[in-house]
Enquirer: 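Below: one structure in structure tokens.
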Protein chains: 2
Amino acid sequence: MPSNSAPRAYQVVLDAIENDLRSGKLELGSQLPGERALAEQYGISRASVRDAIRILDVMGVVRTSTGSGPNSGAVVISNPAAGISQALRLHVAAKGIEVAEIVESRILLETWAAQMQPRDPRYAQQVIARTAVLIMRMDDPELSREEFHRIDAEFHVLLASMSGNAVVATMMESLRNAISDYVSAAITDDETWQSVVKILRRQHKAIHHAYANGHRERAAQLLEEHITWFYGQTH
Amino acid sequence: MPSNSAPRAYQVVLDAIENDLRSGKLELGSQLPGERALAEQYGISRASVRDAIRILDVMGVVRTSTGSGPNSGAVVISNPAAGISQALRLHVAAKGIEVAEIVESRILLETWAAQMQPRDPRYAQQVIARTAVLIMRMDDPELSREEFHRIDAEFHVLLASMSGNAVVATMMESLRNAISDYVSAAITDDETWQSVVKILRRQHKAIHHAYANGHRERAAQLLEEHITWFYGQTH
DNA sequence: GATCTAGCATGGTCTGACCACACACCGAAA
DNA sequence: TTTCGGTGTGTGGTCAGACCATGCTAGATC
């Protein structure tokens, strides 16, 4: 009973890779050794190696692709929102998390980010400029609803990234991703959507205006109203 | 060129299970069909089915065990912190996330939770009582450092859960888990640790006192100082 | 009726094979 | 020499089939 058994085989590889990442032996853009090589190196089967790599894949730590060359195999990336979004999605489906809680959390993070003094004023200026472009693109009446949501998400994430805290921006993005299916499913009527999108555009512009003029408190307030209003439409 | 190919085989099972969770066909405590059965059902190999289940496993959505009977196989649970903690850990290792950002986020979430009016006063009372017990257990001088950290984590999570928002509590717990190795590694000297733990106990008691008397602003302030001070010790 | 035992289905692991893909190399044509 | 096209080779993705330790369960035993 002391030493519990069952040390999963894939865990060995996973730990080793995590250590290599920590020590810098592996860094962004690095290629992992091939699966067959890792299997031999750690004395386990290729199937178990694949387990470890699959986990790194869904967690957004590596990207895998077939073929040969520098872009093939498992390459280290860092897309934290991928794994966290997936986890939240699943737990919402499993009823372990309620949508209302996610919305509340999103408001918390986004208003906090809005009120933060930007760490890097130059970056903040870039964000203001880039979000202005996004707003223009969202004005396109030809835009598909899916595409609108994609740009909308980018808009919010960019603004949150101004705070300089990548974790907050990541969690925010993940929270949004986790429930994006729900909001899409809630508004099926195209006519309703057309009237909703008009208001969304107006709200985005007001938020952007507040950000651009440094009215952080105002921006936070507008954001809260924006998010609350939108999710109110899905009930 | 239009219909991009490469629909991962495991994705089929994953989506199906997610839908079953959403529709309620699968709920907490349900047993998934056996891997061999799922493989036949979806016309894919057992290896691919295992990929899907492995993902659900690391995400904290199911728990797997060998043998037969009602407790065997893949059983639906919901432990959101598992997957999120793992994701954050890996991305910290991959240098995609900095520890300082995690600490900042943790302070944000925890102080927010402290300032929230508890949704359920009776539950709040229970938390006050249970955290009091935890504080007493942390007074035990025989306690191993590992055990201390475990109880410490439970203390913080319980307090945050008073807010009634499970997402915030989960993210908080995950943030803490993701960097717990770092703080453990930072203080190696046992003598230093002994003096640190004395202060931690004092801080915990002050925080608990503020909570118990409904001084939420004060509790939030103490929490921020507590967390900031502790991570300051690791530099 | 209580206890033991053999059977059986489970996930965990391994082996070995085949496929589609993408780059790298090299020879042929300009 | 330069360019173009084919092919070789190694990659991850998938599959099939096998064996193991585990834990329940039903039947045999007492």
Side-chain angles (χ1 to χ4, degrees), chain A residues 1-17 20 26 29-77 79 82 86, chain B residues 1-17 26 29-77 79 82:
Chain A
M1 122 226 358
S3 73
N4 202 354
S5 57
R8 298 269 204 266
Y10 72 84
Q11 197 67 39
V12 178
V13 192
L14 201 53
D15 290 347
I17 293 178
D20 286 349
L26 288 174
S30 296
Q31 258 178 308
L32 265 61
E35 297 180 351
R36 293 161 179 88
L38 287 172
E40 191 175 4
Q41 182 176 344
Y42 294 103
I44 60 180
S45 73
R46 192 184 153 212
S48 295
V49 170
R50 283 183 61 74
D51 275 355
I53 294 186
R54 162 98 331 114
I55 292 172
L56 294 171
D57 185 16
V58 299
M59 289 299 186
V61 177
V62 304
R63 160 184 64 75
T64 63
S65 39
T66 62
S68 65
N71 263 354
S72 74
V75 177
V76 178
I77 59 176
N79 180 15
Q86 180 83 356
Chain B
M1 157 119 9
S3 74
N4 202 354
S5 58
R8 297 269 206 266
Y10 72 84
Q11 197 68 39
V12 178
V13 191
L14 202 52
D15 290 347
I17 293 179
L26 287 175
S30 295
Q31 257 180 309
L32 265 63
E35 297 180 351
R36 293 163 179 86
L38 286 172
E40 191 175 3
Q41 180 177 345
Y42 294 102
I44 61 179
S45 73
R46 193 182 153 210
S48 295
V49 170
R50 284 184 60 74
D51 275 353
I53 294 187
R54 161 97 335 118
I55 292 171
L56 294 172
D57 185 16
V58 301
M59 289 298 186
V61 178
V62 303
R63 158 185 64 76
T64 64
S65 39
T66 62
S68 65
N71 261 353
S72 74
V75 178
V76 178
I77 59 176
N79 179 16

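Numbered from 1 within each chain, the chains take letters A, B, ... in sequence-line order.
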Enquirer: Using whole Å, what does the distance between atom P of nucleotide D:dG12 and atom OH of B:Y10 come to?
Expert: 15 Å
Enquirer: Whether A:S72 contacts C:dC21 is assessed here as follows: a side-chain N or O lying under 4.0 Å from the phosphate OP1 or OP2. Is that the case?
Expert: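 No, A:S72 has no side-chain N/O under 4.0 Å of OP1/OP2 on C:dC21.
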Enquirer: Measure the spacing between CD1 of B:I77 and CE of B:M59 and express it to the nearest 0.5 Å.
Expert: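 Output value for this atom pair is 13.0 Å.
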Enquirer: Could you give the CZ-to-C1' distance, from A:R36 to D:dG12, as a whole number of Å?
Expert: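 These atoms are roughly 7 Å apart.
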Enquirer: Where along residues 37-60 of chain A does a heavy atom fall under 4.0 Å from DNA chain D?
Expert: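 By residue number: A:R46, A:R50, A:R54.
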Enquirer: Rounded off to whole Å, could you give me the CZ-to-P distance for the A:R63 and D:dG13 pair?
Expert: 12 Å
Enquirer: Side-chain donor-acceptor pairs under 3.5 Å in residues 34-43 of chain A, sequence neighbours left out?
Expert:
| from | atom 1 | to | atom 2 | distance (Å) |
| --- | --- | --- | --- | --- |
| A:E35 | OE1 | A:R46 | NE | 2.9 |
| A:E35 | OE1 | A:R46 | NH2 | 3.1 |
| A:E35 | OE1 | A:R50 | NH1 | 3.2 |
| A:E35 | OE2 | A:R50 | NH1 | 3.0 |

Enquirer: Do you know the tightest heavy-atom contact between A:S65 and A:N71?
Expert: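 Closest pair (atom of A:S65, atom of A:N71, distance): OG-O, 3.0 Å.
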Enquirer: Out of D:dC24, C:dG12, D:dG13, which has the shortest distance to the side chain of B:T66?
Expert: C:dG12
Enquirer: Of all heavy-atom pairs between A:A82 and A:G60, which one has the smallest distance, and what is that distance?
Expert: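 That would be CB-CA, 4.1 Å.
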Enquirer: Could you measure the distance from the CD atom of A:Q31 to the OG atom of A:S72? Nearest 0.5 Å is fine.
Expert: 5.0 Å
Enquirer: Is any side-chain N or O of A:S68 under 3.5 Å from a base N or O of C:dC23, one able to act as donor and the other as acceptor?
Expert: yes
Enquirer: Using side-chain heavy atoms (C-beta onward) and a distance below 4.5 Å, is B:Y10 in contact with B:R54?
Expert: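 B:Y10 does not reach B:R54 side chain to side chain.
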Enquirer: With respect to the phosphate group of D:dG13, does any side-chain polar atom (N or O) of A:T64 fall under 4.0 Å of OP1 or OP2?
Expert: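 Looking at the OP1 and OP2 atoms of D:dG13, one of them is under 4.0 Å from a side-chain N or O of A:T64.
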Enquirer: Checking contacts here: which listed nucleotide (D:dT25, C:dC23, D:dT11) is nearest the side-chain heavy atoms of A:P70?
Expert: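 The answer is C:dC23.
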Enquirer: Is any side-chain heavy atom of A:D51 closer than 4.5 Å to a side-chain heavy atom of B:D51?
Expert: yes
Enquirer: For A:G69, which contact category applies under a 4.0 Å heavy-atom criterion: base, sugar-phosphate, or nothing?
Expert: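 Sugar-phosphate contact only - A:G69 comes under 4.0 Å of backbone atoms but never of a base.
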Enquirer: Select one nucleotide: of C:dG11, D:dT14, C:dC23, the one nearest the side-chain heavy atoms of B:R8.
Expert: D:dT14
Enquirer: Whole-Å distance between C:dG11 P and B:E35 CD?
Expert: 5 Å
Enquirer: Calculate the interatomic distance between B:Q31 atom CD and D:dG23 atom C1'; express it in whole Å.
Expert: 12 Å
